[in-house]
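For reference, the structure is listed below as structure tokens.
The chains referred to below are lettered A, B, ... by the order of the sequence lines, with proteins before strands, and numbering in each begins at 1.
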Amino acid sequence: MLKIFNTMTQKKEEFKPMHENRVKLFVCGPTVYDNSHVGHARTYISFDVIARYLKYNGFSVFYLQNITDVDDKIIKRALELNIDPVKLARKFEKKYMEDMKLLGVENVNLYARATEHVPEIIQQINTLIDKSFAYVTDSGVYFDISKFPDFGKLSRRNIEELTVHRIFNDSKRNPGDFALWKIKNDEPFWNSPWGVGRPGWHIEDTAITEEYLGYKYDIHGGGLDLIFPHHEAEIAQMESASGDKPMVRYWMHTGFLNVSGEKMSKSLGNFITIREILLDYAPEVFRFFVLSTHYRSPIDFSESALQQSGNSLNRIYKLIETIDELRDSNISESNENDIKYTNLLLNAKHDFLDNMNNDFNTPNALSVIFNLIRDVNRGVDDGNISKNSLIYVKNLLIEFGEILGFEFYIKPCVDDKTEDLVEVMVDVREKLRERKDWELSDLIRSRLREIDIILEDK
RNA sequence: GCCGAGAUGACCGAGCGGCUAGGUGAGUGGCUGCAGACCACUAUACUUGGGUUCAAAUCCCAAUCUCGGCUCCA
């Protein structure tokens, strides 16, 4: 039984989608005004695994993500760079897609741009005005939070206390009211019944989700920082417009990625982009790093943590390698220990799924993998594990890998020429070793080492 | 000020009433011409002070410290 921690209720709840085996999942996408950083990657990798696991459980998942391609930050940046805001947005959207592909985040079914849903946005605002949840002023259209008593239910806040820090604007009835439509005539702008301008930040998500998922759906995800005010505003908009609730059955939020215990931010200069990190570390190493902490916990980013992750991951690859080698050896196809190993595998699978069912506890799921590896290694060492058992082990590891987004069966690739060349060197060195010419063979090894080719004798 | 999260061995990180988490690093042994890699085994914990309980890292109370949110943010 899959349990998900719901931010709304602050409890783990059994997961039951609205429609038997269909899951409608929406995750807030990025505002495309700059390169995405590793904090974004953390969130999107987490939801990638969540989507994978839902699919693994037989759910048909429709995963929708919005792309915020019109907003103040984009316009500001475009102005600084003296380029067209739409072009700027497209450029960083493209980079975002490239980053996600590199990270193996590939389960999103549909990306929806805000700018391509302006009619839907206008329609939803109209509904809110018709139902008196929103009002028009000369600066825009605002949502009247006094008409929505549930405002604050997700973040568990007291609205009165919030007014202190809100943006003051004379035309607003209440400082906590937020913009649905901003009347502005700087690019880009659209026509609307209330004047030219652009949508407010929160309305695109509810317009987009209503269009593709309906006004009620299963899971809404995003970073912890979006709970207030963004998700709160979404609830207000959608539940007011539809007159029905709840908009979302399960709210899921990912914890922050910190650097030296502090939240990643530009002002602190601890901003690391996905691109930068992928220069030094393989995508799967970063993925392992992300999954070795529970998705709701804060995760502290550091080079040494990534190195540890790389070494850990290596342990898994090594066993796959060992299995591949033993498959070509003359160990027995099957033996009397097969039942023992079958049970071991059944248990491992059971434990793995148990942990995933427990609000996607990936760190624990990983520990199940390592326990299995230890037991299998012991069998290999003692020579009591058969080929068949080893093949089952490998298949199970691959199955786990697919859930978590690792491709354990793919070996790191090198180009053919290099591989041929290295093979020549290895052959020569083997001959030298046969003659016990240690001096020369060690020289070859150390020189190869200098160009990052590591030779390991068996 | 108001909300919230957390303090676990050298490091990362689960557990959240009884059962060795796991990984990295370290040590010992195995393998090896050597080195590395690999494999096995071993050691080292629950911020502090009270309390509840037959039993507490886990529950309660208090304290200390760290971080985050309340304004754009994954």
Side-chain angles (χ1 to χ4, degrees), chain A residues 10 27-31 33-34 36-47 65 68 71-74 76 96 152 155-158 160-168 201 221-230 253-258 260-267 288-289 291-302 304-316 318-319 321-322 325 351 355 358 361-382 433-434 436-439 441-442 445-446 449 454-458:
Chain A
Q10 294 289 296
V27 175
C28 286
T31 302
Y33 74 106
D34 203 343
S36 300
H37 59 68
V38 287
H40 299 112
R42 196 262 168 111
T43 294
Y44 298 124
I45 288 174
S46 298
F47 280 105
Q65 204 173 93
T68 304
D71 119 309
D72 293 348
K73 278 196 297 266
I74 295 173
K76 184 167 171 260
Y96 170 71
S155 53
R156 296 172 303 285
R157 280 161 208 254
N158 183 330
E160 275 67 46
E161 283 164 5
L162 294 172
T163 55
V164 186
H165 293 279
R166 300 318 299 270
I167 300 160
F168 284 96
W201 175 36
L224 201 64
D225 46 355
L226 294 178
I227 294 177
F228 188 89
H230 186 54
H253 292 97
T254 53
F256 289 124
L257 183 141
N258 299 322
S260 316
E262 287 173 318
K263 184 182 168 186
M264 181 170 285
S265 80
K266 289 208 162 169
S267 53
F288 188 96
F289 165 71
L291 299 183
S292 61
T293 301
H294 185 83
Y295 77 89
R296 281 189 283 117
S297 301
I299 181 168
D300 206 64
F301 179 88
S302 70
S304 82
L306 276 177
Q307 268 150 23
Q308 286 187 14
S309 294
N311 291 343
S312 304
L313 192 57
N314 218 248
R315 198 171 153 79
I316 305 174
K318 282 288 177 188
L319 179 61
E321 220 177 286
T322 304
E325 277 159 19
D351 291 348
N355 284 121
N358 183 13
N361 192 331
T362 52
N364 251 155
L366 287 172
S367 85
V368 172
I369 293 182
F370 287 109
N371 279 329
L372 174 68
I373 289 177
R374 198 219 302 113
D375 290 339
V376 173
N377 273 327
R378 204 178 283 154
V380 170
D381 249 27
D382 298 345
R433 291 184 70 218
E434 274 167 30
K436 299 199 193 303
D437 188 341
W438 311 124
E439 199 183 324
S441 59
D442 286 357
R445 186 171 60 192
S446 61
R449 183 66 246 249
I454 297 165
L455 255 188
E456 292 169 5
D457 296 323
K458 290 295 167 190

Worksheet item: Does rC38(B) have OP1 or OP2 sitting under 4.0 Å from an N or O in the side chain of Asn377(A)?
Response: no
Discussion item. What is the separation between atom CG on Leu319(A) and atom C1' on rA40(B), rounded to the nearest whole Å?
Written reply: 14 Å
Worksheet entry | Sugar-phosphate, base or nothing in reach of Leu224(A), heavy atoms under 4.0 Å | nothing
Worksheet item: Once the angle between the rings of Tyr96(A) and Tyr44(A) is folded into 0 to 90°, is it parallel (under 30°), tilted (30 to 60°) or perpendicular (over 60°)?
Response: perpendicular
Worksheet item: What integer distance in Å separates Asp381(A):CG from rG29(B):P?
Response: 17 Å
Worksheet item: Between atom CD1 in Ile299(A) and atom P in rA7(B), what is the gap in whole Å?
Response: 15 Å
Discussion item. Measuring to OP1 and OP2 of rG25(B), would you say a side-chain N or O of Asn311(A) lies under 4.0 angstrom away?
Written reply: yes
Practice prompt. Flag as yes if Tyr44(A) stacks onto the base of rA74(B) (centroids under 5.5 Å, planes under 30°), otherwise no.
Written response: no
Worksheet item: Just checking Asp71(A): base, sugar-phosphate only, or nothing, at a heavy-atom cut-off of under 4.0 Å?
Response: nothing
Discussion item. Determine whether a donor-acceptor pair (N or O, by modelled atom type, separation under 3.5 Å) exists between the side chain of Arg42(A) and the backbone of Pro298(A).
Written reply: no
Discussion item. Just the rounded figure in Å: distance from P of rG69(B) to CG of Leu226(A).
Written reply: 12 Å
Practice prompt. Measure from CG on Asp351(A) to P on rC19(B) and round the result to the nearest Å.
Written response: 18 Å
Discussion item. Please tell me if Arg374(A) has a side-chain N or O lying less than 4.0 Å from either OP1 or OP2 of rG22(B).
Written reply: yes
Worksheet item: Salt bridge between Asp442(A) and Arg445(A), side-chain N to carboxylate O under 4.0 Å?
Response: yes
Discussion item. What contact category does Gly39(A) fall into here, base, sugar-phosphate, or nothing, at under 4.0 angstrom with non-hydrogen atoms?
Written reply: base
Practice prompt. Using atom CG of Asp375(A) as one end and atom P of rU20(B) as the other, report the distance to the nearest whole Å.
Written response: 15 Å
Worksheet item: Looking for any heavy atom pair under 4.0 Å, which part of the strands does His294(A) touch: base, sugar-phosphate only, or nothing?
Response: sugar-phosphate
Fill in: Heavy-atom donor-acceptor pair, Asp442(A) side-chain to rG33(B) base, under 3.5 Å
yes
Practice prompt. Could you check how far CD of Glu439(A) sits from P of rC34(B), rounded to whole Å?
Written response: 17 Å
Item to complete: Would you classify Asn371(A) as touching base, sugar-phosphate or nothing, given that sugar-phosphate means primed atoms plus P, OP1 and OP2, and contacts are heavy atoms under 4.0 Å?
Response: sugar-phosphate
Worksheet item: RNA chain B: Leu313(A) or Leu257(A), which has the more 5' nearest nucleotide?
Response: Leu313(A)
Worksheet, complete the sentence: Using Watson-Crick geometry (N1-N3 plus N6-O4 or O6-N4) or G-U wobble (N1-O2, O6-N3), each under 3.5 Å, rG4(B) is paired with rC67(B)
Item to complete: Select base, sugar-phosphate, or nothing to describe what Arg315(A) touches, counting heavy atoms under 4.0 Å on all strands.
Response: sugar-phosphate
Worksheet, complete the sentence: Residue pair Phe370(A)/Val38(A) against RNA chain B: nearer the 5' end by closest nucleotide is Phe370(A)
Item to complete: May I ask you to say what Ser297(A) touches in the nucleic acid, namely base, sugar-phosphate or nothing, with a heavy-atom cut-off under 4.0 Å?
Response: sugar-phosphate
Fill in: For rU44(B), the Watson-Crick or wobble partner whose two distances fall under 3.5 Å
none
Discussion item. Just the rounded figure in Å: distance from P of rC16(B) to CG of Asn361(A).
Written reply: 9 Å
Practice prompt. Using a heavy-atom cut-off of under 4.0 Å over every strand shown, decide if Gly221(A) touches base, sugar-phosphate, or nothing.
Written response: nothing
